[in-house]
J.: 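Before I ask anything, here is the structure I am working with.
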Protein chains: 2
Amino acid sequence: MAESRRETLIEAAAQLLDQGGPAAVTLRAVGKAAGVSHNAPYKHFDSKEALLAAVAGRELRRPSQTLDVGPFERLWAGLRLYAAWAVRHPERFSLTVSRWTEENAAFAAAQAEARADWVTLVFAAQAAGRLPPGDAERMTALLLSTAEGAVNLALTGRLSKTGPGHASPEDLIDDLFVSLSRR
Amino acid sequence: MAESRRETLIEAAAQLLDQGGPAAVTLRAVGKAAGVSHNAPYKHFDSKEALLAAVAGRELRRPSQTLDVGPFERLWAGLRLYAAWAVRHPERFSLTVSRWTEENAAFAAAQAEARADWVTLVFAAQAAGRLPPGDAERMTALLLSTAEGAVNLALTGRLSKTGPGHASPEDLIDDLFVSLSRR
DNA sequence: ACCTGAACACCGTTCAAGT
DNA sequence: ACCTGAACACCGTTCAAGT
């Protein structure tokens, strides 16, 4: 039951985050939404930041859509889906790519695992000859940089929404892939 | 004199930001550092967020190093310098690429101007035949996405600092330029 | 082990009052 | 026009006390 209470608190925090942004996530509001007192969260989390890190960690572990295609297509489509999810859930995305003032072991582990999954895909796409050779980890960093940077440009209103310069984060991901696969 | 007091408040906020992160920027601390009461800032700014937006706007208007080379080289070196500055001033960088809950006209104008400067450079580099053709604004978005995304990867500890996968934000900018200019 | 209510030291913001 | 000090309604966190 303790585990379910913990999950309830994480879910309540995530809901508040979606609805009102970071400012709406107060321990009092989280407690109220979970039906407990405002400091009950301290029995499950060291601090408010630890609770938010748990929210972020849960997002990182969200199951990714499995596609029955080759690694290169899975990588490309996966990054597009990642960007589309991020634009649809800006607060959760921001949390997963934000900096933390405390050490959050579980979050760091989830983050490392997510990154390793991308590296594996990149490596396979290179082995299939669909991406240029070179260190897979470094190429993964380039892909994630562009994807996350493009999402942030969109979220901060710095992508033209109309006219010839119009581009969505997915368009920019496409541009990078086209440039990378042109040999 | 009013203008100087305003500048003093902005500088005090920037200093506190550098030293202790966003949490250290309280109106009480800003007032103290500027030698005024904790609510004197309200005579110059609508809110704490407006003060932070002024800090961010000042960073966006910081003069860029001028290099006596062609537009393509200026663009490439300019993005590298941007990334290097961001890694050295993570809090100021984060502020300039963050989302705001209020409308900040002056900040939005500074941001649009900074972006237009990049577009001008990209356009000139394309005209010089050093970058592939295509909409300059969209290509600018791709370049900024990668640069800012790479900086954020570095700031959140997601770039290998050692081994074969090691890459700095500047390395990733280089990778993108190499890929773009390979015809 | 988990939870509560009261309390503490903050915080952003407002307001009446001063110059 | 600019500033002050007091006050308000919050906030995260701590603590003594309960089960």
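Note on naming: letters A, B, ... go to the chains in the order of the sequence lines (proteins, then strands), and numbering restarts at 1 for each one. Keep in mind the model is a prediction, meaning the values are calculated, not measured.
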J.: Without decimals, in angstroms, what is the distance between Leu9(A) CG and dA1(C) P?
T.: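 Going from Leu9(A) (CG) to dA1(C) (P), I get 19 Å.
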J.: Quick one: pull up OG1 in Thr156(A) and CD in Glu148(B) and give me the separation to the nearest 0.5 Å.
T.: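 Nearest 0.5 Å value for the OG1-CD distance: 7.0 Å.
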J.: So what does Val30(B) touch, heavy atoms closer than 4.0 Å: a base, only the sugar-phosphate, or nothing?
T.: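 Contact class for Val30(B): none.
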J.: Which whole-number value in Å describes the distance from Arg6(A) CZ to dC3(C) P?
T.: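 Computing the Arg6(A):CZ to dC3(C):P distance gives 12 Å.
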J.: Distance alone, cut at 3.5 Å: any donor-acceptor contact between the side chains of Ser94(B) and Arg99(A)?
T.: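 Checked: Ser94(B)/Arg99(A) side chains pair up, N/O donor to acceptor below 3.5 Å.
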J.: Going by heavy atoms in the side chains, are Phe107(B) and Leu60(B) under 4.5 Å from each other?
T.: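 Phe107(B) reaches Leu60(B) side chain to side chain.
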J.: If dA7(D) has a Watson-Crick or G-U wobble mate with both distances under 3.5 Å, name it; if not, just say none.
T.: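 Matched dA7(D) with dT13(C) under the 3.5 Å cut-off.
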J.: Please figure out whether Thr26(B) or Arg28(A) has its closest DNA chain C nucleotide nearer the 5' end.
T.: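 This one resolves to Arg28(A).
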J.: Salt-bridged, Glu7(A) to Arg58(A), with N to O below 4.0 Å?
T.: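 Judged by the 4.0 Å cut-off on N to carboxylate O distance, Glu7(A) and Arg58(A) do not form a salt bridge.
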J.: Can you check the Arg5(A) CZ to dT4(C) P distance for me, whole Å?
T.: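 One finds 7 Å between P of dT4(C) and CZ of Arg5(A), rounded.
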J.: Calculate the interatomic distance between Lys32(B) atom NZ and dG5(D) atom C1'; express it in whole Å.
T.: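 Whole-Å distance recorded here is 16 Å.
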J.: Using Watson-Crick or G-U wobble geometry with both distances below 3.5 Å, tell me the partner of dG18(D), or none.
T.: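 Paired with dC2(C).
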J.: Roughly how many Å is it from CG in Leu27(A) to P in dC10(C), rounded to a whole number?
T.: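 So the two atoms are 18 Å apart, to the nearest Å.
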J.: May I have the distance from Asp46(A) (atom CG) to dT13(D) (atom C1'), rounded to whole angstrom?
T.: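 Rounding to the nearest Å, CG of Asp46(A) and C1' of dT13(D) are 12 Å apart.
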J.: To the nearest angstrom, how far is Asn39(A) atom CG from dC10(D) atom P?
T.: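 Result: 18 Å.
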J.: Describe the nucleic acid contact of Lys48(B) in one word from base, sugar-phosphate, nothing, applying a heavy-atom distance below 4.0 Å.
T.: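 Result for Lys48(B) = sugar-phosphate.
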J.: Can you check the Tyr42(B) OH to dG12(C) P distance for me, whole Å?
T.: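 The answer, rounded to whole Å, is 7 Å.
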J.: Would you indicate which nucleotide in dC2(C), dT4(C), dC3(D) comes nearest to any side-chain atom of His44(A)?
T.: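 Nucleotide nearest to His44(A)'s side chain: dC2(C).
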J.: Answer yes or no: is there an ion pair linking Arg130(B) with Glu73(B), defined by an N-O contact shorter than 4.0 Å?
T.: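 Between Glu73(B) and Arg130(B) there is a salt bridge, with a charged N closer than 4.0 Å to a carboxylate O.
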J.: Find which nucleotide of DNA chain C each of Lys43(B) and Ser47(B) is nearest to by heavy atoms, and output the residue with the more 5' nucleotide.
T.: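 The residue closer to the strand's 5' end, by nearest nucleotide, is Ser47(B).
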